[in-house]
Amino acid sequence: EVQLVESGGGLVQAGGSLRLSCAASGSTFDGYVITWFRQAPGKEREGLSCISGDGSAFSSDSVKDRFIISSDNNMHTVYLQLNSLKPEDTAIYFCAAVRWAQIGSDWYEAYEYDHWGQGTQVTVSS
């Protein structure tokens with residue numbers, strides 16, 4: 001069974017940085033896409049950045065200049081480096097996974113994903 005566990009969230013001042021980690025277990029992940037999402041109170045879950053086993057990575061326009069996704073060689077840990085944080089980045093950050101063969105064109109949509117972590121809270125103070 002695929003399990004995803006996020007860590008690295010916390011309280012940071014505006015302009016600061018955090019590195020989030022997503023520890024993946026229960027499978028080999030070279031055939032998967034793993035994506036970071038976030039959800040702020042009262043808002044929909046937002047896809048931020050994804051990475052696949054072949055190293056391909058994509059980010060949404062809203063964060064591509066500040067957030068960087070990376071992984072270890074076998075995708076058992078996927079990182080999201082958050083830089084130049086703003087109060088509006090405050091949210092719960094989740095990682096999610098799906099087999100590459102199953103995903104459609106909308107990597108940034110939550111419905112594409114089968115497996116989710118429990119989330120880690122990021123709070124940015126002004």
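Any value given below was found using the heavy atoms of this structure, including those in side chains, with hydrogens, waters and symmetry copies removed. Remember, predicted model here, so these are calculated numbers, not experimental data. Positions are given from 1 along the sequence.
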### Task
Over all heavy atoms of both residues, which pair between Val78 and Ser71 is shortest? Give the atoms and the distance, please.
CG2-CB, 3.9 Å
## Note on the structure
Shortest non-hydrogen pair, Val12 vs Leu85, comes out as CG1-CD1, 3.6 Å
### Query
With side chains defined as the heavy atoms from C-beta onward, is the minimum distance between Ile92 and Glu6 less than 4.5 Å?
no
### Summary
The ring pair (Phe, Tyr, Trp, His ring centres under 6.0 Å) partner of Trp116 among Tyr93, Phe37, Trp36 is Phe37
### Task
Please name the pair of heavy atoms, one in Trp100 and one in Ser52, separated by the smallest distance, quoted to 0.1 Å.
CD1-CB, 4.4 Å
### Task
Please determine, by modelled atom types, if Tyr113 and Thr35 share a side-chain donor-acceptor pair under 3.5 angstrom.
yes
### Rounded distance [0.5 Å steps], OH in Tyr79 versus SG in Cys22
10.5 Å
### Task
Work out which heavy atom in Thr120 is nearest to a heavy atom in Gly8; give both atom names and the distance.
OG1-N, 4.1 Å
#### Entry: Heavy-atom check, side chain of Val98 versus side chain of Ile34, under 4.5 Å
no
### Query
Going by heavy atoms in the side chains, are Ser49 and Leu80 under 4.5 Å from each other?
yes
#### Entry: Ile103 side, atom CD1; Cys50 side, atom SG - distance, nearest 0.5 Å
6.5 Å
### Query
How long is the span from the SG atom in Cys95 to the NE2 atom in His115, to the nearest 0.5 Å?
11.5 Å
### Task
Look up atom NE2 in His76 and atom OG1 in Thr28, then write down how far apart they are to the nearest 0.5 Å.
7.0 Å
### Query
Distance only, no hydrogens: is a donor on one side chain within 3.5 Å (strictly under) of an acceptor on the other, for Tyr111 and Asp106?
yes
#### Entry: Test side-chain contact (heavy atoms from CB on, under 4.5 Å) applied to Asp114 and Arg99, step by step
CA-CA 9 Å; Asp114 298 325; Arg99 290 185 184 275; 5.8 Å; no
### Message
Starting from Ile69, can I reach Leu4 by hopping between I/L/V/M/F/W/Y residues whose side chains sit under 4.5 Å apart?
### Response
yes
#### Entry: Within 45° cone and under 6.0 Å: Arg45 NZ/CZ vs Phe94 ring
yes
### Task
Check whether Leu82 and Tyr108 end up in the same hydrophobic cluster, where Ile, Leu, Val, Met, Phe, Trp and Tyr are linked by side-chain heavy atoms less than 4.5 Å apart.
no
### Task
Would you check if there is a donor-acceptor pair between the side chains of Ser62 and Glu46 at a distance under 3.5 Å?
yes
### With sequence neighbours excluded, residues passing side-chain hydrogen bond (donor to acceptor under 3.5 Å, both in side chains) with Arg66
Asp89
### For Glu112 against Gln102, the heavy-atom pair lying closest together
OE1-O, 4.4 Å
### Query
Hey, what do you get for OG1 (Thr123) to CD (Gln13), rounding to the nearest 0.5 Å?
13.0 Å
#### Entry: Interatomic spacing from OG in Ser56 to CD1 in Ile51 - rounded to 0.5 Å
8.5 Å
### Closest non-hydrogen atom pair between Ser17 and Gln81, with its separation
CB-NE2, 3.8 Å
### Query
Any link between Phe58 and Leu48 through a network of hydrophobic side chains (Ile, Leu, Val, Met, Phe, Trp, Tyr) touching at under 4.5 Å?
no
